[in-house]
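Index from 1, following the sequence.
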Amino acid sequence: QVQLVESGGGLVQPGGSLRLSCAASGSTLPLYVIGWFRQAPGKGREAVSCISTSDGNKYYADSVKGRFTISRDSAKNTVYLQMNSLQPEDTAVYYCAADPSWYGSAWYKPELYDYWGQGTQVTVSS
């Protein structure tokens, strides 16, 4: 079984930065896609970004393009999300998700991901 553990969340002022980490462990199962979702109170789970482990292509939600960067360290089985220029609307619990399949243009659908972390809280406030 695959386990995903997020870390790096916290409290940051508007305009600040955080780097989230998602460490995968527990299995040698290849994961075709690893992504980040977020969920604010009272709202649905929103796709933020994902990375394809086969070709390295990266995908971003329009709301974070130019501010967030996803990357992967294969040796550490870890995916990172560098978040810059954070704003209050970025406040949410951020979840790491992974799947052994790839659904192309449907990458943003959380129901397609088999494995999920427990989430890490990101709060952007002055």
Side-chain angles (χ1 to χ4, degrees):
Q1 186 176 1
V2 174
Q3 291 86 45
L4 302 175
V5 179
E6 305 97 332
S7 62
L11 175 65
V12 65
Q13 294 184 343
S17 298
L18 287 172
R19 189 180 75 161
L20 305 183
S21 299
C22 173
S25 64
S27 176
T28 59
L29 177 71
L31 301 172
Y32 195 93
V33 59
I34 304 175
W36 290 94
F37 291 75
R38 66 186 183 186
Q39 188 165 19
K43 298 183 178 180
R45 193 160 294 188
E46 175 191 23
V48 176
S49 180
C50 79
I51 183 169
S52 169
T53 61
S54 65
D55 58 16
N57 285 343
K58 303 172 183 179
Y59 305 84
Y60 298 94
D62 289 342
S63 60
V64 306
K65 285 182 179 178
R67 299 189 298 123
F68 292 9
T69 302
I70 193 169
S71 61
R72 177 172 179 250
D73 186 334
S74 298
K76 296 181 179 180
N77 292 319
T78 300
V79 170
Y80 304 95
L81 185 68
Q82 179 67 44
M83 306 186 296
N84 298 326
S85 301
L86 285 163
Q87 299 300 314
E89 53 265 36
D90 296 313
T91 295
V93 177
Y94 283 70
Y95 297 91
C96 179
D99 199 87
S101 300
W102 174 242
Y103 298 95
S105 61
W107 71 269
Y108 59 90
K109 296 182 176 180
E111 62 267 27
L112 298 180
Y113 290 76
D114 289 340
Y115 304 103
W116 291 84
Q118 294 299 304
T120 184
Q121 177 71 49
V122 172
T123 301
V124 185
S125 176
S126 60

J.: For residues S17 and N84, report the shortest heavy-atom separation together with the two atoms involved.
T.: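 Nearest heavy atoms, S17 then N84: OG-OD1, 2.8 Å.
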J.: With a 4.5 Å cut-off on side-chain heavy atoms, are I51 and N57 touching?
T.: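 Not touching, per the 4.5 Å side-chain cut-off.
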J.: Apply side chain to side chain contact (heavy atoms under 4.5 Å, CB included) to residues Y59 and V33 and explain how you reach the verdict.
T.: CA-CA 11 Å; Y59 305 84; V33 59; over 6 Å; no
J.: I need the F68 CZ to D90 CG distance, nearest 0.5 Å.
T.: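 Answer rounded to 0.5 Å: 4.0 Å.
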J.: Drop me the distance from M83's CE to R67's CZ, to the nearest 0.5 angstrom.
T.: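 That separation rounds to 9.5 Å.
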J.: Scan for side chain to side chain donor-acceptor pair (under 3.5 Å) pairs involving residues 40-52, sequence neighbours excluded, and state none if there are none.
T.: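 Side chain to side chain donor-acceptor pair (under 3.5 Å) check on residues 40-52 returns R38-E46, Q39-R45, S52-S54, S52-D55.
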J.: How would you list all residue pairs meeting salt bridge (charged side-chain N to carboxylate O under 4.0 Å, His left out) that involve residues 68-82, not counting sequence neighbours?
T.: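 For residues 68-82, and leaving out neighbouring residues, there are no salt bridge (charged side-chain N to carboxylate O under 4.0 Å, His left out) pairs at all.
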J.: Tell me which pairs pass disulfide (SG to SG under 2.5 Å) where either residue lies in residues 88-126, with sequence neighbours left out.
T.: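 Residue pairs with at least one partner in residues 88-126: C22-C96.
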J.: Taking V79 as the starting point, is it possible to reach Y60 by hopping between hydrophobic residues whose side chains are less than 4.5 Å apart?
T.: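 Same cluster: Y60 reaches V79 through Ile, Leu, Val, Met, Phe, Trp or Tyr contacts under 4.5 Å.
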J.: Tell me every residue that passes side chain to side chain donor-acceptor pair (under 3.5 Å) with S71, counting only those two or more places apart in sequence or in another chain.
T.: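 Result, side chain to side chain donor-acceptor pair (under 3.5 Å) vs S71: none returned.
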J.: Go through Y115 and D99 one step at a time and tell me if the side chain to side chain contact (heavy atoms under 4.5 Å, CB included) criterion holds.
T.: CA-CA 6 Å; Y115 304 103; D99 199 87; 5.8 Å; no
J.: If you look only at pairs with a residue in residues 105-114, which of them pass as a side chain to side chain donor-acceptor pair (under 3.5 Å), with sequence neighbours excluded?
T.: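 Passing the test, one end in residues 105-114: no pairs.
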J.: For the pair E6 (side chain) and Q118 (backbone), establish whether a donor and an acceptor sit closer than 3.5 Å, ignoring hydrogens and angles.
T.: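 Present.
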J.: Ignoring hydrogens and angles, write down the donor-acceptor pairs under 3.5 Å from the side chains of residues 119-126, residues two or more places apart or on other chains.
T.:
from: T120; atom 1: OG1; to: G9; atom 2: N; distance (Å): 3.2
from: Q121; atom 1: NE2; to: A92; atom 2: O; distance (Å): 3.4
from: Q121; atom 1: NE2; to: T123; atom 2: OG1; distance (Å): 3.3

J.: Check whether any side-chain N or O of K58 sits under 3.5 Å from a backbone N or O of I70 as a donor-acceptor pair, and report yes or no.
T.: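 Indeed, once roles are kept as given, a pair shorter than 3.5 Å links the two residues.
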J.: Please answer: with hydrophobic residues joined when any side-chain heavy atoms are less than 4.5 Å apart, are V5 and Y94 in the same cluster?
T.: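 In one cluster with V5: Y94, no.
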J.: Please evaluate residues L20 and Y80 with respect to the criterion side chain to side chain contact (heavy atoms under 4.5 Å, CB included), reporting the C-alpha separation (whole Å), side-chain torsions for both, the decisive distance (0.1 Å), and the verdict.
T.: CA-CA 5 Å; L20 305 183; Y80 304 95; over 6 Å; no
J.: Could you check whether the rings of Y95 and W116 sit parallel, tilted or perpendicular, using 30° and 60° as the cut-offs?
T.: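 If you compare the ring of Y95 with that of W116, the planes turn out perpendicular.
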J.: Between S21 and T78, which heavy-atom pair has the shortest distance, and what is it?
T.: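 Nearest pair, atom of S21 first, then T78: CB-CG2, 4.2 Å.
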J.: Mind running side chain to side chain contact (heavy atoms under 4.5 Å, CB included) on L81 and T69 for me, showing each step along the way?
T.: CA-CA 6 Å; L81 185 68; T69 302; over 6 Å; no
